[in-house]
Amino acid sequence: MSRHAAFVLLLSYGIVLQLSHGIEVNVTNKADKLCLYANLKVNFSVPYDVGQGKTKIAAFQLPETAKSNESTCASNSSSTLKLDFGAGHSWTVNFTLLGKNYQADTITFGYNLSDTLLFPNATGTGTKSVTAKPDITDVGLNTCYSCKSKDLIQADSVNMTLSDVLIQAFVTNGSRSENITSCRADLPTTTAAPTTPVTNATSAPTPPPTTPTPTLPTPSTGEYRLGANSTACLLANFGLRIGYRQGQKYQEINLEPNATQASGSCGTNSSELVLVSNDMTVVFTFLSDTKKFSLHVFNVTIKGVQFINTNLSLWQAAVGSSYMCNKEQNYTITDELNLYTFNLQVQPFNVQKGVFSTAEECFLDSDLSFLVPIAVGVALSFLIILVLISYLIGRRKSRTGYQSV
Ligand SMILES: *[C@@H]1O[C@H](CO)[C@@H](O)[C@H](O)[C@H]1NC(C)=O
Ligand SMILES: *[C@@H]1O[C@H](CO)[C@@H](O)[C@H](O)[C@H]1NC(C)=O
Ligand SMILES: *[C@@H]1O[C@H](CO)[C@@H](O)[C@H](O)[C@H]1NC(C)=O
Ligand SMILES: *[C@@H]1O[C@H](CO)[C@@H](O)[C@H](O)[C@H]1NC(C)=O
Ligand SMILES: *[C@@H]1O[C@H](CO)[C@@H](O)[C@H](O)[C@H]1NC(C)=O
Ligand SMILES: *[C@@H]1O[C@H](CO)[C@@H](O)[C@H](O)[C@H]1NC(C)=O
Ligand SMILES: *[C@@H]1O[C@H](CO)[C@@H](O)[C@H](O)[C@H]1NC(C)=O
Ligand SMILES: *[C@@H]1O[C@H](CO)[C@@H](O)[C@H](O)[C@H]1NC(C)=O
Ligand SMILES: *[C@@H]1O[C@H](CO)[C@@H](O)[C@H](O)[C@H]1NC(C)=O
Ligand SMILES: *[C@@H]1O[C@H](CO)[C@@H](O)[C@H](O)[C@H]1NC(C)=O
Ligand SMILES: *[C@@H]1O[C@H](CO)[C@@H](O)[C@H](O)[C@H]1NC(C)=O
Ligand SMILES: *[C@@H]1O[C@H](CO)[C@@H](O)[C@H](O)[C@H]1NC(C)=O
């Protein structure tokens with residue numbers, strides 16, 4: 001059971017890493033070493049007076065741009081995370097160390113009603129402050145407190161909703177621990193009354209299987225060509241999605257055709273299509289042996305990281321025709337990179353009058369694919385008949401043999 005729990009925690013840890021778009025803070029001590037780490041999201045919901053007995057609610061998030069320079073690791077038994085944002089607002093958490101555990105003592109939220117951006121038409125002015133005691137206790141020293149779940153903290157009438165929290169106070173050796181103490185809400189519900197919420201992620205967290213996080217919409221189909229309409233030498237229509245792994249993160253990204261520039265070159269034996277978008281640069285190199293062509297090299301650079309396979313043999317078709325595959329295709333280009341195509345049609349050689357020549361369709365598209373189960377069925381029944389016949393023959397033979405004795 002504890003193994004199971006550890007696995008789930010490990011998994012949730014991976015998800016925390018993937019989904020955190022909250023603020024990330026590294027607080028360093030006098031020796032310039034990491035002493036407090038925080039990565040979290042906070043949503044605020046603050047009621048305030050707007051006159052005539054009326055109340056409005058200001059709802060906002062802790063911005064990623066909040067300043068953390070007033071955070072301190074004053075001693076090795078107490079430290080403070082202070083995040084200043086907007087026009088005089090701040091969110092502060094105090095941590096104290098108690099033996100082998102640490103905890104968050106108080107959360108203080110100070111908000112400036114004079115900020116007309118967050119509190120339009122407020123009758124009050126100046127800074128108000130509320131405090132609350134969070135349920136972040138008994139966190140093992142040298143472990144990160146992790147809480148993916150939402151945690152509603154009410155301070156007077158103010159609501160603060162924390163989520164995707166990863167905090168380590170009292171970092172000892174200058175780097176964040178891989179060990180996690182999970183909050184109760186993150187623990188699997190099946191384990192009634194979790195006893196020890198402390199666990200370890202020591203067993204090298206091998207990246208979880210390719211689990212695309214939020215599913216992307218199907219990419220739009222781009223129409224790319226090299227050369228003017230009537231004299232185009234290369235045509236390529238497709239929607240493209242790239243799935244890639246960087247460290248422990250697996251991400252998927254669509255190529256946006258309307259923000260993509262196509263360039264390249266056509267040759268007799270080799271043609272190249274280069275697609276440049278904001279997120280990536282993709283280079284397709286096609287080879288031709290004058291009879292057939294195929295995609296030989298796929299080279300993509302995403303955010304400075306290059307993935308390449310120079311020995312492919314995809315999208316094969318006769319020179320003078322085009323290759324087509326309308327169904328979604330999934331190609332493993334490298335261990336770290338998957339290529340998905342949608343509504344694919346390419347012709348890298350011998351384009352006539354700027355239009356695709358007859359298409360050779362991929363197997364999945366062809367109307368023949370429905371024949372497969374039928375063929376299997378026919379083969380099977382044939383086998384059964386064969387077995388039956390040989391059985392009958394065998395029986396007759398043995399009978400005659402018996403009678404002749
Ligand atoms: C915090 O430190 C980690 C590890 O050194 C680094 O990857 C991350 O970018 C830092 N974050 C910020 C906001 O400085
Ligand atoms: C915080 O607010 C944003 C935007 O209003 C919303 O998308 C998000 O779901 C909220 N998060 C939580 C934990 O309530
Ligand atoms: C705070 O949360 C409680 C419980 O969900 C809700 O009843 C209340 O209206 C919220 N207050 C504000 C100011 O959002
Ligand atoms: C933090 O930075 C702000 C400006 O970014 C500055 O005004 C303030 O004095 C700094 N505080 C500390 C304690 O360094
Ligand atoms: C929390 O830190 C603030 C300074 O940021 C300090 O004034 C306050 O006394 C501390 N509270 C506790 C309980 O340590
Ligand atoms: C502020 O009050 C003015 C008039 O009193 C009103 O026209 C305006 O819509 C209010 N603004 C907001 C954001 O409520
Ligand atoms: C996790 O905790 C165990 C025991 O507390 C410790 O031996 C190990 O070094 C820790 N691992 C990391 C990566 O901090
Ligand atoms: C980590 O696991 C080891 C062995 O499973 C155990 O002895 C140790 O106490 C654990 N550490 C923590 C912090 O749970
Ligand atoms: C060139 O191709 C585009 C898109 O296929 C089409 O809209 C346009 O009419 C063509 N121009 C000529 C001169 O054929
Ligand atoms: C690209 O197309 C998408 C929808 O297909 C649209 O939302 C987006 O604004 C377009 N971008 C540009 C730069 O035209
Ligand atoms: C792969 O593409 C990048 C540009 O995105 C280029 O700099 C690099 O030379 C290419 N590599 C090969 C082997 O073609
Ligand atoms: C694509 O193929 C890889 C490797 O075969 C597989 O792990 C992954 O689940 C596939 N993705 C989809 C969306 O089918």
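Ligands are counted one by one from 1 in listed order, and the atoms in each one are counted from 1 as well.
In terms of N/O distances under 3.5 Å, ligand 2 is not approached by Thr161. Below 3.5 Å of separation, one finds no N or O of Ser157 facing any N or O of ligand 3. Close N/O approach between Tyr37 and ligand 1 is not found [any backbone or side-chain N/O within under 3.5 Å].
Counting only heavy atoms, the protein gets under 4.0 Å from atom 11 (N) of ligand 3. Counting only heavy atoms, the protein never gets under 4.0 Å from atom 7 (O) of ligand 2. For atom 2 (O) of ligand 2, a protein heavy-atom neighbour is found at a distance under 4.0 Å.
In this structure, Phe286 and Phe293 have perpendicular ring planes: the angle between them is above 60°, well past the 30° mark. Taking the six-membered ring where the residue is Trp, His89 and Phe119 present perpendicular rings, their angle passing 60° and hence far from 30°.
Distances below 4.0 Å separate heavy atoms of Gln154 from the following atoms of ligand 3: 1 (C), 2 (O), 3 (C). Here is the list of ligand 3 atoms found below 4.0 Å of a heavy atom in Ser45: 12 (C), 13 (C), 14 (O). Each of the atoms 13 (C) of ligand 2 lies under 4.0 Å from some heavy atom of Ser163.
No side-chain donor-acceptor contact under 3.5 Å links Thr131 and Thr106. Looking only at atom types and distance, the side chain of Ser357 has a donor-acceptor partner in the side chain of Gln347 under 3.5 Å away. Residues Thr96 and Asp105 have side chains that bring a donor and an acceptor to within less than 3.5 angstrom of each other.
Looking only at protein heavy atoms, the nearest one to atom 5 (O) of ligand 1 is Asn26 ND2, 4.7 Å. Among protein heavy atoms, the minimum distance from atom 14 (O) of ligand 2 is reached at Asn43 ND2, 3.2 Å. Given atom 9 (O) of ligand 1, the protein heavy atom at minimum distance is Glu24 OE1, 3.9 Å.
The proximity of Ala59 to ligand 3, defined as any non-hydrogen pair under 4.0 Å, does not occur for either the backbone or the side chain.
Screening Leu226, Val346, Leu234, Val351 for a side-chain contact (heavy atoms from CB on, under 4.5 Å) with Ser271, the sole residue that qualifies is Leu234.
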Next on the checklist: Could you go through Thr285 and Asn299, starting from their C-alpha distance and side-chain angles, then the distance that decides it, and tell me whether this counts as side-chain hydrogen bond (donor to acceptor under 3.5 Å, both in side chains)?
Outcome noted: CA-CA 8 Å; Thr285 307; Asn299 172 6; over 6 Å; no
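Note: Phe238 and Phe284 meet the aromatic proximity criterion, with ring centroids under 6.0 Å apart.
The pair Asp164-Lys41 meets the salt-bridge criterion, with a side-chain N (NZ, NE, NH1 or NH2) lying under 4.0 Å from an Asp/Glu carboxylate O.
Comparing heavy-atom distances from atom 13 (C) of ligand 2 across Gln61, Lys150, Lys41 singles out Lys150 as nearest.
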